[in-house]
Amino acid sequence: MPISPADGRPRAAPFLAAGGVTAGYGGAPVVRDVTLTAGAGEIVAVIGPNGAGKSTLLKALVGILRVTRGSVRLGGDDVTNLAPEALAGRGVGYVPQVGDIFEPLTVAENLEMGGYLLPRSAIPGRIEAVCAVFPMLGGLLERRAEKLSGGERKMLAIGRVLMLDPRALLLDEPTANLSPRLAGPLLADHIRRLADLGKAVLLVEQRARAAMQVADWAVVMVSGAVRLEGRPGELLARPDFELLFLGAPGSEAPERTPPR
Ligand SMILES: Nc1ncnc2c1ncn2[C@@H]1O[C@H](COP(=O)(O)OP(=O)(O)OP(=O)(O)O)[C@@H](O)[C@H]1O
Ligand SMILES: [Mg+2]
């Protein structure tokens, strides 16, 4: 059973905190009473079946959807229902699953757009800082985004958001459409590195096993509510956990670690 290196350690103090968040699209709430936190340096994985409300939760946390009950706090401040730009200005970075880069523009232009809240004079320095985190982007600055590979696109989408140097990063299925060969390193290397830089990372993933291997904490959502949460290793050690929440064992074979 894979045990996360974080098992047994106390959790980081909350930076991003959802308290009883309820949200939806105008009809019956899609997300109900969700409480979770992510602290600096922590990767919190949110997993759950299709339609569980994971993307809806992220949209509510970043100000795209209205929170109808409950609160969102950032570093102790109540930021519930602030506009997306206001939240971005306070350090919230959000990478949606699709539609996150501008294909006709170059990598450099996409990064510039990500720095839309910054004075122009600050942009070159930030591009340099982002390329220091994702060196692959540094070699592609003049390439049009439409010519990038799937993995490069995802890196650019995250890079755009990094332009504002966010303290909290909310990532919606960053490995979607990536081959297992690219998905593993994106999670284990790049996203882990962002957490190690001190960012609070809320990671929604359909690759539940891979996400749980890199996460410090895992939250299982079912039907709009949190069903279960805990250290990934502890959850995976529960009898039936895999069968109930991860599908048939082996269904994500490429991401499984070999038995130890
Ligand atoms: N724009 C929308 N208007 C109305 N209902 C929506 C809208 N977007 C999503 N929903 C509904 O909200 C529920 C939760 O959807 P959501 O996209 O949050 O799930 P998810 O957990 O992200 O699923 P997946 O793993 O498939 O991405 C679903 O029943 C979905 O049909
Ligand atoms: Mg989704």
Side-chain angles (χ1 to χ4, degrees), residues 16-38 43-72 80-81 83-84 87 92-101 150 153-154 157-158 160-161 168-180 182-184 186-187 191 200-215 217-230 232 235-236 241-248 251-255:
L16 174 70
V21 164
T22 296
Y25 300 91
V30 166
V31 164
R32 283 172 288 111
D33 200 19
V34 168
T35 294
L36 56 75
T37 67
I43 298 179
V44 175
V46 179
I47 63 172
N50 295 126
K54 305 178 299 294
S55 296
T56 304
L57 172 67
L58 289 199
K59 288 180 209 163
L61 296 181
V62 303
I64 294 172
L65 284 180
R66 199 172 158 69
V67 174
T68 52
R69 271 175 50 195
S71 66
V72 182
T80 315
N81 288 324
L87 287 168
V92 175
Y94 167 57
V95 183
Q97 186 177 327
V98 287
D100 43 10
I101 59 173
R153 276 169 191 242
K154 199 39 77 176
I158 299 173
R160 285 189 69 222
V161 167
L169 257 184
L170 293 83
L171 306 171
D172 198 348
E173 301 202 6
T175 73
N177 310 321
L178 296 189
S179 68
L182 292 174
L186 181 74
L187 293 175
I191 292 174
V201 179
L202 197 57
L203 171 68
V204 165
E205 258 302 332
Q206 61 185 188
R207 289 184 154 95
R209 289 186 183 86
M212 288 178 80
Q213 275 164 22
V214 71
W217 192 258
V219 176
V220 182
M221 273 184 80
V222 178
S223 302
V226 174
R227 172 73 64 87
L228 197 62
E229 64 178 321
L235 295 186
L236 289 166
F241 179 82
E242 295 215 11
L243 206 58
L244 287 175
F245 298 111
L246 302 186
S251 61
E252 286 179 50
E255 268 85 41

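Just so you know, ligand 1 is whichever comes first in the structure, and atom 1 is the first atom listed for that ligand.
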Starting from [atom], what is the nearest protein heavy atom, named by residue and atom, and what distance separates them?
atom: atom 17 (O) of ligand 1; result: Ser55 CB, 3.7 Å
atom: atom 25 (O) of ligand 1; result: Lys54 NZ, 2.7 Å
atom: atom 5 (N) of ligand 1; result: Tyr25 CD1, 3.4 Å
atom: atom 19 (O) of ligand 1; result: Gly53 N, 3.3 Å
atom: atom 13 (C) of ligand 1; result: Val30 CG1, 3.5 Å
atom: atom 18 (O) of ligand 1; result: Thr56 OG1, 2.5 Å
atom: atom 26 (O) of ligand 1; result: Asn50 ND2, 2.9 Å
atom: atom 29 (O) of ligand 1; result: Gly51 O, 4.3 Å

**Asked** Any Lys/Arg nitrogen of Asp100 or Lys154 sitting under 4.0 Å from an Asp/Glu carboxylate oxygen of the other?
**Response**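 Here Asp100 pairs with Lys154 in a salt bridge, since their nearest N and O are under 4.0 Å apart.
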**Request:** Show the numbers, then the answer: is there a side-chain contact (heavy atoms from CB on, under 4.5 Å) between Val220 and Val226?
**Result:** CA-CA 6 Å; Val220 182; Val226 174; over 6 Å; no
**Protein non-hydrogen atom found under 4.0 Å from atom 22 (O) of ligand 1** =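 True for atom 22 (O) of ligand 1.
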**Item:** Candidate pair Asp172 and Ser55, rule side chain to side chain donor-acceptor pair (under 3.5 Å), full reasoning
**Value:** CA-CA 7 Å; Asp172 198 348; Ser55 296; 2.6 Å; yes
**Item:** Audit row: Val95, Leu170, side-chain contact (heavy atoms from CB on, under 4.5 Å) steps and yes/no
**Value:** CA-CA 6 Å; Val95 183; Leu170 293 83; over 6 Å; no
**Asked** Are Val44 and Thr37 close enough that some pair of their side-chain heavy atoms sits under 4.5 Å apart?
**Response**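 Side chain of Val44 against side chain of Thr37, heavy atoms only: no contact under 4.5 Å found.
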Rounded to the nearest 0.5 Å, what's the gap from [atom1] on [X] to [atom2] on [Y]? Could you check?
X: Met221; Y: Ile47; atom1: CE; atom2: CD1; answer: 11.5 Å
X: Ile43; Y: Gln213; atom1: CD1; atom2: CD; answer: 12.0 Å
X: Arg153; Y: Leu178; atom1: CZ; atom2: CG; answer: 11.0 Å
X: Phe241; Y: Met212; atom1: CZ; atom2: CE; answer: 4.0 Å

**Message:** Any heavy atom of Gly48 closer to ligand 1 than 4.0 angstrom?
**Reply:**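 Heavy atoms of Gly48 never come under 4.0 Å of ligand 1.
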**Full working for side-chain contact (heavy atoms from CB on, under 4.5 Å) between Lys54 and Glu173** = CA-CA 10 Å; Lys54 305 178 299 294; Glu173 301 202 6; 4.2 Å; yes
**Message:** Taking 4.0 angstrom as the limit and counting only heavy atoms of Ala52, give me the atoms of ligand 1 inside it, by number and element.
**Reply:**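 Near Ala52, the atoms of ligand 1 are 19 (O), 20 (P), 21 (O).
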**Request:** Given side-chain contact (heavy atoms from CB on, under 4.5 Å), test Val204 with Leu171 step by step and report yes or no.
**Result:** CA-CA 6 Å; Val204 165; Leu171 306 171; over 6 Å; no
**Prompt:** Do we see a donor-acceptor contact under 3.5 Å between the side chains of Arg32 and Thr22?
**Reply:**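 The criterion, which ignores hydrogens and geometry beyond distance, is not satisfied for Thr22 and Arg32.
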**Asked** How does Glu173 reach ligand 1, if at all, at less than 4.0 Å between non-hydrogen atoms: by side chain, backbone, both, or neither?
**Response**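 Looking at Glu173 and ligand 1, just side chain atoms fall under 4.0 Å.
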**Asked** Listing residue and atom name, which protein N/O/S atoms are closer to the Mg ion (ligand 2) than 2.8 Å?
**Response**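 Atoms qualifying: Ser55 OG.
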